[in-house]
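Below is one structure; the comments refer to it alone.
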Amino acid sequence: MEPQAAEPQSKEAQGAAEHHKLIILGSGPAGLTAALYAARANLEPVVVSGNEPGGQLTITTDVENYPGYVEGVQGPDMMRDFRQQAERFGTLFKAGNAEKVELSQRPFTLYLDKGDVLTCDALIVSTGASARWLEIESERRLRNRGVSACATCDGFFFRGKPLAVVGGGDTAMEEALFLTNFATKVTIVHRRAELRASKVMQERARKHEKIEFAWNSTVDEVLGDEERGVTGLALRDTQSGETRTLEVEGLFVAIGHVPNTGVLQGQLDLDEQGYILTQPHSTHTSAEGVFACGDAADKIYRQAVTAAGTGCMAAMDAERWLAARE
């Protein structure tokens, strides 16, 4: 998809818009790594921080699986380090979120929720994805106090403890199987009597000696407090309405993720779940001059280190694309 050259703008429109060679949407590991590489390539990138500056890591406590942090690091501290390194080489930051994006002609135009209008020659999308939560008060209160949405990130901290996983798809089975490396027992809580997961994943979970199932059950409340963490779950039977307590010391919510790509609907090719489609072995999207990286284009790995890697790729792809045009 080759955007058309923009028709000449009026002096008023030109004066209202702020032009940059490269804009990066999102400020998680992918966006900040892209900014670092782009700034070192003298592209003078501008990062639009988004609604959650720093991405999901700003609500993550201990990060122990990112290379270079020998003793581990707090998520917000790691994102602060990423940002300062990008700023050191000249990256500029804009607060706010893109409410509207026009990619059908060049320069691309972005309308921010704070009223700013930005234009750019190239765009990197690193808007990430957000975990689906149960949306109950006790879950929100105990996030990072025993409630998590990432077994790979946090499973290590639950050695020797009984755990629960909510969900019935492949992701839930994968999370549960991974957690058996640490937990004494893993209970999969599912609101139906049948799983949505593939037969292969179902069989693996059913056969594992550490995995049990709480069928026809939903989580009414996550029990515990900020000092002790999670101590159990109040489960409600979806058929009888009766409640019971499941004693666990950690809850992993595995009911899916939502890519933050709504503003790009109809502008870029997305898959059925809303993830941005990229060309094989690159970060090029269906629109020339638009590149995607991080969790907005990755529904498989969703790790800080893989997001950072694709951020590097996006910056290099953008730099080469801009150089070829010049």
Side-chain angles (χ1 to χ4, degrees), residues 1-6 17-50 53 55 82-83 85-94 96-98 100-112 116-129 259-261 263-264 267-270 275-298 304-326:
M1 183 187 300
E2 176 70 29
Q4 299 176 349
E18 181 182 309
H19 185 75
H20 301 279
K21 184 176 291 186
L22 173 66
I23 290 177
I24 299 168
L25 279 181
S27 57
L32 293 178
T33 302
L36 171 62
Y37 274 79
R40 284 175 53 81
N42 295 321
L43 297 181
E44 300 177 333
V46 170
V47 174
V48 177
S49 299
F82 274 42
R83 175 168 175 148
Q85 191 173 9
E87 286 179 321
R88 176 188 167 199
F89 294 100
T91 299
L92 299 176
F93 287 81
K94 274 278 188 191
N97 194 50
K100 182 181 177 183
V101 176
E102 292 181 353
L103 305 179
S104 59
Q105 59 181 18
R106 292 198 187 97
F108 304 131
T109 305
L110 288 70
Y111 300 88
L112 306 190
D116 296 310
V117 180
L118 309 178
T119 62
C120 60
D121 300 317
L123 176 67
I124 292 176
V125 181
S126 56
T127 49
N260 302 319
T261 57
V263 72
L264 300 167
Q267 307 257 4
L268 296 177
D269 287 350
L270 311 174
Y275 289 91
I276 302 170
L277 296 175
T278 56
Q279 297 175 21
H281 311 298
S282 81
T283 63
H284 289 260
T285 69
S286 58
E288 283 285 333
V290 180
F291 309 86
C293 56
D295 289 9
D298 171 24
V305 68
T306 52
T310 58
C312 164
M313 292 166 58
M316 295 178 71
D317 285 343
E319 190 276 329
R320 290 167 180 168
W321 183 83
L322 286 167
R325 285 179 56 82
E326 291 173 356

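This chain uses plain numbering: 1 for the first residue, then up along the sequence. What you see is a predicted model; the values in this text were computed from it and never measured.
Under the 4.5 Å side-chain criterion, counting only non-hydrogen atoms from C-beta, Arg325 is in contact with Arg106.
For the side chain to side chain donor-acceptor pair (under 3.5 Å) condition, the pairs that include at least one residue of residues 307-319, sequence neighbours left out, are Thr283-Asp317. Residue pairs meeting the salt bridge (charged side-chain N to carboxylate O under 4.0 Å, His left out) criterion with at least one member in residues 19-37, sequence neighbours excluded, are Lys21-Glu326.
Scanning for side chain to side chain contact (heavy atoms under 4.5 Å, CB included) contacts around Ala297 gives Ile276, Thr278, Ala292, with sequence neighbours left out. With sequence neighbours left out, the side-chain hydrogen bond (donor to acceptor under 3.5 Å, both in side chains) criterion links His284 to no other residue. Ser27 meets the side chain to side chain contact (heavy atoms under 4.5 Å, CB included) test with Leu32, Val47, Ser49, Pro53; sequence neighbours excluded. Scored by the side-chain hydrogen bond (donor to acceptor under 3.5 Å, both in side chains) test, Glu102 finds Lys100 as partners (sequence neighbours excluded). Residues satisfying the side chain to side chain contact (heavy atoms under 4.5 Å, CB included) criterion with Thr306, sequence neighbours excluded, are Asp298, Tyr301, Gln303. Considering only residues two or more places apart in sequence or on other chains, Glu87 meets the side-chain hydrogen bond (donor to acceptor under 3.5 Å, both in side chains) condition with Arg83. Partners of Ala318 under the side chain to side chain contact (heavy atoms under 4.5 Å, CB included) rule, at least two apart in sequence or in another chain, are Leu22, Ile124, Phe291. With sequence neighbours excluded, the residues forming a side-chain hydrogen bond (donor to acceptor under 3.5 Å, both in side chains) with Asp121 are His19, listed by chain and number.
A donor-acceptor pair is defined here as one N or O able to donate and one able to accept, closer than 3.5 Å; no such pair exists between the side chain of Asp269 and the backbone of Leu277.
A 6.0 Å sphere centred on CD of Gln279 holds more than 12 heavy atoms belonging to other residues, nucleotides or ligands. Atom OH of Tyr37 has 12 or fewer neighbouring heavy atoms from other residues, nucleotides or ligands inside a 6.0 Å radius.
The nearest pair of heavy atoms linking Ala98 to Val263 is O-CG2, 3.8 Å.
Partner Pro107 forms a side chain to side chain contact (heavy atoms under 4.5 Å, CB included) with one of Leu118, Thr119, Leu123, Ile23 and no other, that one being Thr119.
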